[in-house]
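Only one structure is covered here, and it is reproduced in the block below.
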Amino acid sequence: MRPESVRARGLPETPFETRGSALQWARQSVDRLDARLLLQAVCGADAAALLAYPEAPLSLPETAEFRALVARRAAGEPLAYLTGEAGFYGERLVVSPAVLVPRPETEDLVTWALQLLENCPSPRVADLGTGSGAIALALAGQRSDARLLAVDISADALAVAEQNRERLARSNVELRCDSWLSGYSTDPVFDLIVSNPPYIPALDPHLQGDGVRFEPRGALTDEADGLEAYRALALQAVPRLKLGGWLLVEHGHDQAEAVAALWRDAGLVAVKSRQDLSGNPRMTAGRKALGGGYG
Ligand SMILES: C[S@@+](CC[C@H](N)C(=O)[O-])C[C@H]1O[C@@H](n2cnc3c(N)ncnc32)[C@H](O)[C@@H]1O
């Protein structure tokens with residue numbers, strides 16, 4: 001089934017003669033891979049079929065769809081919103097403008113989370129600010145013995161996460177609409193609380209950047225200094241961690257020290273950060289002491 005986002009928006013005067021000539025036209029304004037993926041979405045064809053039959057004709061409605069999508073991509077709209085899909089941790093997720101497009105660096109957060117859970121049988125995990133469900137669903141797929149709580153304040157985002165949960169058949173994920181864990185039991189039940197919250201400061205010009213300006217503002221910024229979510233998480237998450245449980249977050253490239261200080265002030269121990277592929281510290285974890293102040 002083709003995604004909503006690839007519906008026709010009006011008919012052009014003439015169709016492209018072939019898929020090959022459509023691709024050639026598109027490459028004047030968008031890159032080669034984007035052009036191919038958009039044409040695949042329009043034709044409902046996979047890469048192999050597109051490459052094998054470049055001489056296949058395009059209908060008028062397909063031409064109209066393709067021209068419209070290429071124009072939107074050239075204007076900076078993320079490819080994932082146009083095709084309605086994004087890859088994350090080896091799986092395809094449904095995405096829409098209601099959710100952040102999951103980023104490759106967040107896959108490193110999932111990898112670290114899995115390492116923290118290595119010696120923890122049947123873990124209970126919360127993913128706060130789940131968006132498309134990317135982190136929770138990846139963890140649930142890798143750890144079928146885990147129980148996941150995926151929380152978001154946006155009902156529209158949760159509707160996307162629900163589609164992904166159904167599509168991937170991850171019945172070990174529970175979805176919840178809340179501001180972090182504010183309405184949730186205060187019992188210390190979680191082995192891991194993980195989050196990729198909004199962390200861009202309100203006045204940061206990146207909010208107007210290519211692609212980013214199409215994403216939901218509430219997924220990007222706290223409308224303050226970029227640290228509000230971490231303050232809330234330190235307050236709300238730490239009491240709900242079991243002894244020895246971890247609080248793990250993604251953050252901006254210049255926020256590691258501030259987040260680590262918040263974690264220590266909240267009583268967490270063994271606080272450490274990890275770098276992304278560009279060498280910037282982009283994730284920080286801290287542990288609720290097992291007892292006697294030792295992690
Ligand atoms: C940066 S996006 C991360 C989405 C997804 N976890 C990912 O990594 O692709 C942050 C998410 O936090 C959600 N959010 C913002 N404020 C929140 C709050 N107070 N409580 C729960 N979720 C919140 C946003 O709606 C958004 O989906």
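A quick note: this is a predicted structure, and the numbers were derived from the prediction, not measured. We count ligands from 1, going down the list as the structure has it; atoms in each ligand are counted the same way.
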Heavy atom of the protein closest to atom 1 (C) of ligand 1 (residue, atom name, distance): Ala219 O, 2.9 Å

Heavy-atom proximity to atom 5 (C) of ligand 1, best of Ile135, Thr130, Leu100, Leu93: Thr130

Side-chain donor or acceptor of Asn280 paired with backbone N/O of His253 under 3.5 Å: no

Test item: Asp152 side-chain N/O and Ala157 main-chain N/O as donor-acceptor pair under 3.5 Å: no

Atoms in ligand 1 with a heavy atom of Pro102 nearer than 4.0 Å: 9 (O)

Under 3.5 Å: N/O of Arg103 near N/O of ligand 1: no

Contact check: Trp180 vs ligand 1, nitrogen or oxygen atoms, below 3.5 angstrom: yes

Sub-4.0 Å atoms of ligand 1 with respect to non-hydrogen atoms of Asp178: 20 (N), 21 (C)

Glu250 and Ser195 side chains, donor-acceptor separation under 3.5 Å: no

Min N/O separation Gly129 to ligand 1 under 3.5 Å: yes

Residue pair Phe88 / Arg103, side-chain heavy-atom distance below 4.5 Å: no

Numbered atoms and elements of ligand 1 in range of Gly218, under 4.0 angstrom, heavy atoms: 15 (C), 24 (C)

Proximity of Thr106 to ligand 1 by residue part, where a heavy atom lies under 4.0 Å: side chain

Asp222 near ligand 1 by a heavy-atom separation under 4.0 Å: no

Within 6.0 angstrom of Leu243 CG, more than 12 heavy atoms from elsewhere: yes

pair Val194-Val249: side-chain heavy atoms closer than 4.5 Å: no

Flag if over 12 foreign heavy atoms under 6.0 Å of CZ, Arg274: yes

Nitrogen or oxygen atoms of Ser179 and ligand 1 under 3.5 Å apart: yes

Identity and separation of the nearest protein heavy atom to atom 10 (C) of ligand 1: Asn196 O, 3.3 Å

Between Ser179 and Ser182: side-chain donor-acceptor atoms closer than 3.5 Å: no

Point-to-point distance, once rounded to the nearest 0.5 Å, from OG1 of Thr63 to CG of Leu58: 4.5 Å

Close approach of Ser132 to ligand 1, heavy atoms, under 4.0 angstrom: no

Flag for Thr106-Tyr89: side-chain donor and acceptor within less than 3.5 Å: no

Atom 24 (C) of ligand 1 [closest protein heavy-atom partner, distance rounded to 0.1 Å]: Asp152 OD1, 3.5 Å

Protein contact of atom 22 (N) of ligand 1 - nearest heavy atom, named by residue and atom, plus distance: Ile153 N, 3.2 Å

